[in-house]
Amino acid sequence: MIAIQETWTPERVDQLKIYFEAGLSCRDIAVNIGVSRNAVIGKLSRLNLTRTTPDERRARRKKSAAHAAQRATAKQQLRLLQAVYEQEPDDAPIVSANSCSLLELSEQRCRWPISTPGADDFCFCGNTPLGGMPYCSGHYRLAYQAGSRQRAMRG
Ligand SMILES: [Zn+2]
């Protein structure tokens with residue numbers, strides 16, 4: 001009679017869990033228990049025991065740090081906008097002395113469209129934008145007012 005040797009005796013499963021918790025690699029666990037590395041990997045996945053690698057943990061931390069930075073920037077920009085809105089009168093003229101074409105647009109130029117897209121004289125404002133934002137202060141004020149109007153109409 002041939003005794004079929006069971007790979008995963010309850011004792012070995014316990015050892016597997018302990019070694020896994022201790023952070024041993026699959027290879028080390030296999031050597032310690034006396035089974036193949038593939039057996040360890042297979043059993044871990046059947047037990048739903050997965051481990052995040054240091055790389056994955058780092059990536060996750062980085063991501064949440066980036067989100068926090070984004071939120072901080074958004075708050076800062078909102079404060080800037082509010083300051084502009086409070087300081088400048090509603091009907092202050094917006095002088096776009098440096099208007100530019102689509103090709104000339106850059107991070108350093110307000111991209112508020114002037115006249116109708118497609119028209120011969122169509123161009124962009126081109127003024128220096130408010131810190132880190134796409135529009136100059138005057139055009140931010142316009143955008144803000146347009147937003148309030150739309151909300152008032154909807155409401
Ligand atoms: Zn502008």
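Throughout, residue positions are numbered sequentially from 1 according to the sequence presented.
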Quiz item: How does the hydrophobic cluster around L103 look, that is, which other residues are in it when side-chain heavy atoms under 4.5 Å mark a link?
Solution: none

In a table with atom names and distances, give each donor-acceptor pair under 3.5 Å that connects a side chain of residues 21-42 to protein atoms at least two apart or in another chain.
from : atom 1 : to  : atom 2 : distance (Å)
S25  : OG     : D28 : N      : 3.2
S25  : OG     : D28 : OD2    : 3.4
N32  : ND2    : D28 : O      : 2.9
S36  : OG     : A39 : N      : 3.1

Quiz item: Looking only at atom types and distance, does a side-chain atom of N127 sit under 3.5 Å from a main-chain N or O of V95, one as donor and one as acceptor?
Solution: yes

Quiz item: Is it the case that one hydrophobic cluster holds both F20 and I18, taking links as side-chain heavy atoms less than 4.5 Å apart, direct or via other members?
Solution: no

Quiz item: Tracing side-chain links under 4.5 Å among I, L, V, M, F, W and Y, which residues wind up in one group with F122?
Solution: L102, L105, F124

Quiz item: Pick one: which of R111, R109, E107 meets side chain to side chain contact (heavy atoms under 4.5 Å, CB included) with P134?
Solution: R111

Quiz item: Quick one: does S106's side chain have a donor or acceptor within less than 3.5 Å of a partner on Q108's backbone?
Solution: yes

Exercise. I would like to know whether C125 and C136 meet side chain to side chain contact (heavy atoms under 4.5 Å, CB included); could you show each step before the answer?
Key: CA-CA 8 Å; C125 165; C136 68; 3.8 Å; yes

Quiz item: Would you say the side-chain atoms of R71 pair up with the backbone N or O of A66, donor to acceptor, closer than 3.5 Å?
Solution: no

Quiz item: For atom CG of D120, is the number of surrounding heavy atoms from other residues, nucleotides or ligands below 6.0 Å larger than 12?
Solution: no

Exercise. Mind listing the closest non-hydrogen atom pair of L16 and K43 along with its distance?
Key: CD2-CG, 3.5 Å

Quiz item: Parallel, tilted or perpendicular for W112 and H139, by the 30°/60° rule?
Solution: parallel

Self-check item: Test item: I114 and S96 side chains (from C-beta on) under 4.5 Å apart, heavy atoms
Solution: yes

Quiz item: Passes side chain to side chain contact (heavy atoms under 4.5 Å, CB included), R46 versus W8? Steps please.
Solution: CA-CA 12 Å; R46 276 195 298 279; W8 292 109; 4.1 Å; yes

Practice problem: Run the numbers on K62 and R58 for side chain to side chain contact (heavy atoms under 4.5 Å, CB included), then give the verdict. | Solution: CA-CA 6 Å; K62 223 182 198 168; R58 249 198 304 279; over 6 Å; no

Quiz item: Would you find a donor on one side and an acceptor on the other, under 3.5 Å apart, between the side chain of T9 and the backbone of R12?
Solution: yes

